[in-house]
> 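One structure, as structure tokens, below. Some questions next.
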Amino acid sequence: MHAALHKQFGHHITGGRKLKFVSKSDKTVILEGQDDQMFETTVGVYRSLVAGGHAFQPEGDTSLGFMPNETALLKQQMALFAVKRELELRERGMTAMAAAKKIKLELDGHSKYSRVAPQKLVPRTLQLWRKKRNEKGPAALVPETQNCGNRSCRYDSAYEEVAWDVLEELYLTNDRLSIGKIAANVKEKYLKKCARDKIDPNDCGKRCMEAILKTIRVDDIIKARHDTAMARKLRLQAQFYHRIHAPFDLVEIDSTPGDIMIVNEDRVCIGRPNICLAVDAATGLILSIQLSLQAPREALTIRAFKDTMTARTDEYFDKYGIENRIRVVGAPQMVHSDQGSENSGYDLSRIVETLNMEWAKNTPGCPDRKPFVERMMREVNEFLHTLPGATTSKELPNRARIDKAMLDVNRHAKLTP
């Protein structure tokens with residue numbers, strides 16, 4: 001038996017260092033050897049190691065009742081390392097905050113612990129880890145994540161039957177009922193059904209009702225509440241943002257003043273340009289970029305639409321010196337814009353109707369509903385901030401630098417031959 005133990009644990013036993021007890025489940029024991037390496041062995045082998053003086057005995061109740069996986073053991077090992085390093089750093093005179101920052105840097109750069117290190121490490125976290133280790137031993141630092149969640153079905157067939165009856169009666173025809181009221185209604189009828197049929201009730205709380213609601217298609221609810229024409233319109237408006245599978249499924253368009261002043265042919269400052277961008281939501285590619293010295297209007301948006309549906313030849317790329325020649329052209333199925341006047345009008349409505357497109361306008365003051373074009377507009381303006389005549393800089397915010405921008409662009413125009 002002693003030879004088998006030497007073969008199993010190698011130099012960790014022959015080196016003269018005892019193995020540290022980490023945790024114990026029903027039939028196995030986790031031990032820690034040199035270089036913070038973990039070993040899993042049976043209870044019988046562990047008792048032999050203790051009898052031979054090769055392992056420490058456990059202190060207190062250290063039975064986990066489950067077998068931790070590799071990630072859980074690595075997190076425990078990381079926490080033990082952090083607690084040990086904190087003690088060393090505090091003995092050198094470091095404050096708690098300074099020690100936590102240094103330990104965080106060491107964990108992020110560690111070959112093993114970097115992938116399980118917490119995103120933020122504060123002295124309070126180290127204090128809790130140290131308290132757990134001192135009170136319940138190293139086993140208390142093993143996360144019990146495998147006990148989280150409900151992997152079985154939340155409800156039985158009887159509850160599902162009652163829930164569908166209530167939903168068809170109330171939910172599909174009324175949008176003013178809260179989930180809590182529906183869940184309470186279903187629970188009451190379900191318990192009565194169980195008492196009548198003499199069966200043991202299963203889980204029937206609010207989460208069971210929420211799980212059933214997730215299985216209902218949005219299309220079915222809209223169709224049940226409205227007529228065919230209205231249901232089709234509402235269905236498209238409700239789903240355009242979430243159903244993007246291919247290019248031109250959704251195109252976002254927006255017009256914004258550029259953060260720069262420009263000059264004319266006579267080198268005289270003439271104002272700020274308005275930029276109109278059309279961006280494909282599926283690929284993130286810029287389909288069109290239009291500039292205008294006039295206020296955003298319907299014609300500018302129409303020009304952007306025309307550009308998205310116009311094929312670009314080699315002459316076009318040669319004219320503007322474009323090397324990355326990506327040819328993207330097509331008619332969008334859905335267009336998303338804000339409520340500006342430039343996104344409405346007789347001509348624009350006729351174009352949308354002729355192309356059989358769906359036009360969706362977001363709520364005023366909610367630019368987050370057009371994330372792709374808003375992000376692209378931000379990138380364009382950040383590039384403009386590096387040019388002479390920019391109306392915004394890190395030192396001066398927007399508007400405060402407009403007068404200086406006009407002087408910059410005029411001065412740069414005079415210096416340019």
Side-chain angles (χ1 to χ4, degrees), residues 11-12 15-25 29-40 55-149 367-368 371 374-375 378-379 381-382 385-386 392-398 400-401:
H11 66 279
H12 296 288
R17 179 181 176 182
K18 288 186 177 181
L19 298 172
K20 294 182 180 180
F21 178 87
V22 176
S23 62
K24 177 178 71 70
S25 63
V29 177
I30 304 297
L31 302 174
E32 178 185 348
Q34 290 182 349
D35 301 328
D36 297 331
Q37 294 184 6
M38 296 290 183
F39 300 94
E40 178 182 347
F56 291 102
Q57 293 183 356
E59 298 179 1
D61 184 15
T62 56
S63 178
L64 293 176
F66 65 92
M67 175 51 60
N69 55 26
E70 181 181 357
T71 302
L73 290 177
L74 190 59
K75 289 183 178 180
Q76 178 205 33
Q77 197 172 353
M78 178 272 301
L80 292 173
F81 170 82
V83 172
K84 181 179 179 182
R85 283 293 294 155
E86 184 199 24
L87 178 61
E88 296 174 356
L89 295 175
R90 294 300 301 275
E91 289 178 351
R92 297 178 186 177
M94 274 194 179
T95 62
M97 182 60 69
K101 291 182 178 179
K102 183 173 180 58
I103 294 172
K104 181 64 170 68
L105 293 176
E106 293 179 359
L107 292 177
D108 292 340
H110 200 279
S111 58
K112 293 193 305 181
Y113 303 149
S114 58
R115 69 183 183 91
V116 295
Q119 294 183 354
K120 185 177 181 180
L121 186 64
V122 295
R124 178 59 177 169
T125 304
L126 295 172
Q127 180 184 3
L128 293 176
W129 287 349
R130 184 171 62 254
K131 182 179 180 181
K132 288 182 178 180
R133 186 202 60 179
N134 294 339
E135 292 180 354
K136 299 181 181 180
L141 296 177
V142 179
E144 301 181 3
T145 53
Q146 71 284 340
N147 290 338
C148 298
D368 55 298
E374 293 289 346
R375 173 69 189 203
R378 173 185 169 186
E379 294 293 333
N381 277 323
E382 285 185 355
H385 295 168
T386 64
T392 300
S393 67
K394 294 181 179 180
E395 291 76 19
L396 290 176
N398 199 7
R401 196 183 186 277

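Note that the numbering runs from 1 along the sequence shown for the chain. As a basis for the values below, the full set of heavy atoms in this structure was taken, side chains included, without hydrogen atoms, waters or symmetry mates. Being a predicted model, the structure only gives us computed values, none of them experimental.
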> Taking all atoms of both residues into account, what is the closest heavy-atom pair of Leu89 and Ile103, and its distance?
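That would be CD1-CG1, 3.8 Å.
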> For the atom pair NZ (Lys84) and CZ (Arg133), what is the distance rounded to the nearest 0.5 Å?
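Between Lys84 NZ and Arg133 CZ, I get 10.5 Å after rounding to 0.5 Å.
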> Considering all heavy atoms of both residues, which atom of Leu74 and which atom of Lys112 are nearest to each other, and what is their separation?
CD2-O, 3.5 Å
> As a quick check of understanding, evaluate side chain to side chain contact (heavy atoms under 4.5 Å, CB included) for Leu107 and Arg85, giving each step before the final call.
CA-CA 11 Å; Leu107 292 177; Arg85 283 293 294 155; over 6 Å; no
> Any salt bridge between Glu374 and Arg378, counting N to O under 4.0 Å?
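Answer for the salt bridge query: no.
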> Step by step, work out the side chain to side chain contact (heavy atoms under 4.5 Å, CB included) result for Glu91 and Leu87.
CA-CA 6 Å; Glu91 289 178 351; Leu87 178 61; 3.7 Å; yes
> Can you name the closest pair of heavy atoms from Arg90 and Ala96 and give their distance?
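The answer is NH1-CB, 3.4 Å.
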> Which pair of heavy atoms, one from Met78 and one from Ala117, lies closest together, and at what distance?
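Nearest heavy atoms, Met78 then Ala117: CE-CA, 4.4 Å.
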> Taking atom types as modelled, find out whether Arg124 and Gln127 have a side-chain donor-acceptor pair closer than 3.5 angstrom.
yes
> So Asn381 and His385, do their side chains get closer than 4.5 Å, heavy atoms only?
yes
> State which residue, out of Glu86, Lys102, Lys104, Lys101, fulfils the side-chain contact (heavy atoms from CB on, under 4.5 Å) condition with Leu121.
Lys104
